[in-house]
Amino acid sequence: MKIKEQLNSLIADALNAINVTDSNIQVVEAGKPEFGDYQYNGAMGLAKILKKKPRDIAQDIVANIPNSDMIEKLEIAGPGFINITISSKWIAKRVDEIKDDDRLGIAKKSNPIKVVVDYSGPNMAKQMHVGHLRSTIIGDTLANLFTFLGDDVIRQNHIGDWGTQFGMLIAYLEELGKGSEGSLKDLEQFYKDAKKRFDEDEAFATKSREYVVKLQGGDIHCLELWENFIDKSLGHCEEVYSKLGVNLTRDDVKAESSYNDDLANIIKELEDKGLLQTSQGAKCVFLEDSPNPLIVQKSDGGYLYATTDLAAIKFRCQKLKAKRVSYVVDARQSEHFKQVFEVAKKADFAPEDTILEHISFGMMLDKSGKPFKTRDGGTVKLIDLLDEAVQRAKKSITRRDTFNENELEKVAEIVGIGAVKYSDLSINRESNYIFDWDKMLSLDGNTSLYQQYAYARIQSILRKSERVLGDIKIGDELERRLALKLLQLEDILITTAKDAKPHYIASYLYDLTTLFMKFYENNPILKDGIDEDIKKSRLALASVVANTIKLSLDIMGIAVLERL
RNA sequence: GCGCCCGUGGCUCAGCUGGAUAGAGCAUCUGAUUGCGGUUCAGAAGGUCACAGGUUCGAAUCCUGUCGGGCGUACCA
């Protein structure tokens, strides 16, 4: 339900009636329950322009708000706040309407656009490690969300499959001979072994360098080795994606190397448009407020990732026709993207009205605030981290006896992976993220387990009552607030999509669930002596709460359980 | 040196882009509870929002400066 939009429009009508224009009407949720449900604070701002007392303006607005069954009460408070209380009857009706709706009454956008979400982007020379975690799960959530809201989403996994390391890697792969693909299982080790050979054996090093050149020249033998290597490496990534429950497939892979053929054109186009300058032998684009230029071709003729990124923008805007391109990449690359985006627009690779945005996020730190590493200082492999999550989750499940070994494993997977994802998604992505096992697997606080528990508990109630849902009847204030909260999901999702900040959803969910727990504490459902209509109404409310939790978690790529 | 980001109770985080008495969860303290699935519920305590100015009816939020931390600083990605 787009509640704010409806309220904004009522305010707009009122302002119209008194010949006032406010180009940015924004009702906000009320700060406190005493202030009603929503408030409009624009009267104070208008006071100066109109040279009238803010309270008088508020008075005029209130007097001119059209009659609506949505609004129960309008009050003017303080210097000129307009406090809006939503009608309980209206709320009950709306919840009734979404009771059996898969989308919980949330509309698909009437004007969908093509959105490219660029995320994960692992390097094929190495195993996926914790550095890829945040991009992968934040990006996947955003892609899910945009899709749910109706946009045409194209996921792009910009894998790093090109560069000098591959000469060394394929030379080593060849040396080990056919049937040795098993050694690719641990890419980290494979890389180290190859590097060791490279450092110790001059002949091998020479061959590696030759292979880079051959590979770039399109040598069939080297290409074959390389393709084989990439295929295996990508297989490892897919294993991680599957464990993580991330919707990335081979169809979404658009490798760095796929842009190779266009790189020379990029340079030429920049040159034709007069954007290129040569400095210290390198071809650069100088930008007004950047101390350093964007280098697009090295003095030795080689291209850089800036060049590839430009080619990718061109592809996404011109071939894929994207109107919004979201890069889910860590904060350290913000300058890089700022420059690349600016050049892309100047060079017309991207139309002026296309949104190019860097969805940046902070680093992942351990409990003591240091970069997340293994005990001996190495990088933590993602697959190991996920396995540990499942192991820890298994230990934390208290009602173990209700599951057999198979079920327990499954439950632990859902709980453990959910915890890893939720704890990441529940904090503002821009700040650094402190990774804390105990916190994320706790039943207290804003965690996935708390949500999953609430969901399972509601399912238990519904089972016992045979799911007989009735019409919603709002009884007390707690019930009213809970029902209204349910209707706010759409507003939250829209804002989340606009700002690309998944933690809005998590905050909302936590509010909802704690509110439900309070409601449930005070408004018994299955106890004896509850009037049948009230019982059915409360069951319906509980059911919509469960559906809301499920839908929201689903967008975050987290599963729920019928029993926990 | 320059640029970007950050600084909110002991800890981890919110704070809806300028609104009313700055909110949660851990941890601490005090009560309640034979329990519709508990690792429960209610309450208390804990803050000069890093600091100093400025903008205005009104600032955690915007501007300037200072201090502290992180990251990045032309031919890696």
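Numbers restart at 1 for each chain; the letters A, B, ... are given by sequence-line order, proteins then strands.
The same atom, C1', is picked in B:rC13 and in B:rA52; the two are 27 Å apart, to the nearest Å. Spacing between B:rA77 and B:rG72 at atom C1', rounded to whole Å, works out to 14 Å. Only the P atoms considered, B:rC57 is 25 Å distant from B:rG65, to the nearest whole Å. Rounded to whole Å, the separation between the C1' atoms of B:rA59 and B:rA20 comes to 14 Å. Straight-line distance between the C1' atoms of B:rG46 and B:rG69: roughly 25 Å, to the nearest whole Å. Using atom P as the reference point in both B:rU33 and B:rG10, the two lie 34 Å apart (nearest Å). As rounded to the nearest Å, B:rC62 and B:rC4 have P atoms that lie 15 Å from one another. To the nearest whole angstrom, the two P atoms, one in B:rA50 and one in B:rU61, are 8 Å apart.
Set against B:rC16, B:rC76, B:rA14, the side chain of A:L304 has B:rC76 as its closest nucleotide. When each of B:rG70, B:rU39, B:rU12 is scored by its nearest atom to the side-chain atoms of A:I434, the top-ranked nucleotide is B:rU12. The side chain of A:L526 approaches B:rC36 more closely than any other nucleotide in the set B:rC13, B:rC41, B:rC36. For A:H503, counting side-chain heavy atoms from C-beta on, the closest listed nucleotide (B:rG70, B:rG15, B:rA20) is B:rG15. Side chain of A:E29, nearest nucleotide from B:rC36, B:rC16, B:rA77: B:rC16.
Remark: side-chain polar atoms of A:S120 are not paired, donor with acceptor, to backbone N or O of A:T136 under 3.5 angstrom. A:S465 places a side-chain N or O within 3.5 Å of a backbone atom of A:I461 that can act as its donor or acceptor partner. In this structure, A:S290 contributes its side chain and A:P293 its backbone to no donor-acceptor pair below 3.5 Å. Judged by distance alone, with hydrogens and angles left aside, the side-chain atoms of A:R538 form a donor-acceptor pair with the main-chain N or O of A:P524 at under 3.5 Å.
Ring-to-base geometry places A:Y520 in a stacked arrangement with B:rC36 (centre distance under 5.5 Å, plane angle under 30°). The ring of A:F81 does not lie on top of the base of B:rG19; it is either too far (5.5 Å or more) or too tilted (30° or more).
Distance CD1 (A:I505) to C1' (B:rA14): 16 Å, rounded to an integer number of Å. The CE atom of A:M440 sits 18 Å away from the C1' atom of B:rU39 (whole-angstrom rounding). Computed from coordinates, the A:K48 NZ to B:rG18 C1' distance equals 12 Å when rounded to whole Å. Here B:rA14 presents its P atom at 9 Å from NZ of A:K501, a figure rounded to the nearest Å. The separation between A:F337 atom CZ and B:rA77 atom P is 13 Å, rounded to whole Å. As rounded to whole Å, 14 Å separates atom P of B:rG38 from atom CZ of A:F516. Atom pair A:M44:CE and B:rC57:P shows a separation of 12 Å (rounding to whole Å applied). Rounded to whole Å, atom P of B:rA59 lies 15 Å from atom CG of A:N41.
Heavy atoms of A:N432 sit under 4.0 angstrom from primed sugar atoms or phosphate atoms, though from no base atom. No contact: A:T164 has no heavy atom under 4.0 Å from any strand. Contact annotation for A:D161: no contact, since no heavy-atom pair falls under 4.0 Å across all strands. Residue contacts for A:K4: at a heavy-atom cut-off of 4.0 Å it reaches a base atom on one of the strands shown. Residue contacts shown for A:L564 include a base, since a base heavy atom lies under 4.0 Å away. Residue contacts for A:Q26: at a heavy-atom cut-off of 4.0 Å it reaches no nucleic acid atom on any strand shown. Within the nucleic acid shown, A:F35 comes within 4.0 Å of at least one base atom, counting heavy atoms only. Using a 4.0 Å heavy-atom cutoff across all strands shown, A:D499 reaches no nucleic acid atom at all. Within 4.0 Å of A:L443, counting heavy atoms only, lies at least one base atom of the nucleic acid. Using a 4.0 Å heavy-atom criterion, one finds that A:A77 contacts the bases of the nucleic acid, with or without backbone contacts as well. Within the nucleic acid shown, A:T495 has no heavy atom closer than 4.0 Å to any nucleic acid atom. If you check every strand for non-hydrogen atoms under 4.0 Å, A:M517 touches a base. Using a 4.0 Å heavy-atom distance criterion, A:K518 is classed as a sugar-phosphate-only contact. Contact annotation for A:R457: base contact, defined as any heavy-atom pair under 4.0 Å involving a base atom.
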message: Return a single string for nucleotides 1-7 of chain B, one symbol per nucleotide in 5' to 3' order, where B is base contact, S is sugar-phosphate-only contact and - is none, cutoff 4.0 angstrom on heavy atoms.
response: --BS---

- request: For nucleotides 23-34 of chain B, just jot down a letter per nucleotide in 5' to 3' order: B, S or -, based on protein non-hydrogen atoms under 4.0 Å.
  value: SSSS--------

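Salt bridge annotation for A:K195-A:D199: present, with a cationic side-chain nitrogen under 4.0 angstrom from a carboxylate oxygen. Residues A:R563 and A:E407 are not paired through a salt bridge, judged by the lack of any N-O separation under 4.0 Å between the basic side chain and the carboxylate.
Using a 30° and 60° split on the angle between ring planes, A:Y520 and A:F516 fall in the parallel class, below 30°.
For the pair A:K254 and A:Y259, the cation-pi test (distance below 6.0 Å, angle within 45°) is passed. Relative to the six-membered ring of A:Y38, A:K4 misses at least one condition, a distance below 6.0 Å or an angle of at most 45° to the axis.
Residue-to-nucleotide proximity on RNA chain B shows that, of A:K367 and A:Y303, the 5′-proximal contact is made by A:K367. Residue A:I461 is the one, among A:C284 and A:I461, whose nearest nucleotide of RNA chain B lies closer to the 5' end (criterion: closest heavy atom).
Side-chain atoms of A:Y510 and A:Q451 include no donor-acceptor pair closer than 3.5 Å. A donor-acceptor contact closer than 3.5 angstrom links the side chains of A:D499 and A:Y504. There is a side-chain donor-acceptor pair under 3.5 Å between A:R467 and A:Q459. Under 3.5 Å, the side chains of A:N446 and A:S426 contain no donor-acceptor pair of N or O atoms.
Summarising the base pairing, B:rA14 is matched to no nucleotide, lacking a Watson-Crick or G-U wobble pair whose two defining distances lie under 3.5 Å. When Watson-Crick and G-U wobble pairs are counted only if both distances are under 3.5 Å, B:rG7 pairs with B:rC67. Base pairing analysis places B:rG72 opposite B:rC2; the two distances defining the Watson-Crick or G-U wobble pair are each below 3.5 Å. Across all strands shown, B:rC62 pairs with B:rG54; the Watson-Crick or G-U wobble distances both stay below 3.5 Å. Pairing for B:rG31 is with B:rC41, a Watson-Crick or G-U wobble pair whose two hydrogen-bonding atom distances lie under 3.5 Å.
The phosphate of B:rU73 has neither OP1 nor OP2 within less than 4.0 Å of any side-chain N or O from A:H336.
One distance of note links CD of A:Q6 with CD1 of A:I86; it measures 8.5 Å at 0.5 Å rounding.
Applying the 90° cutoff around 0 to the glycosidic angle, B:rU17 is assigned syn.
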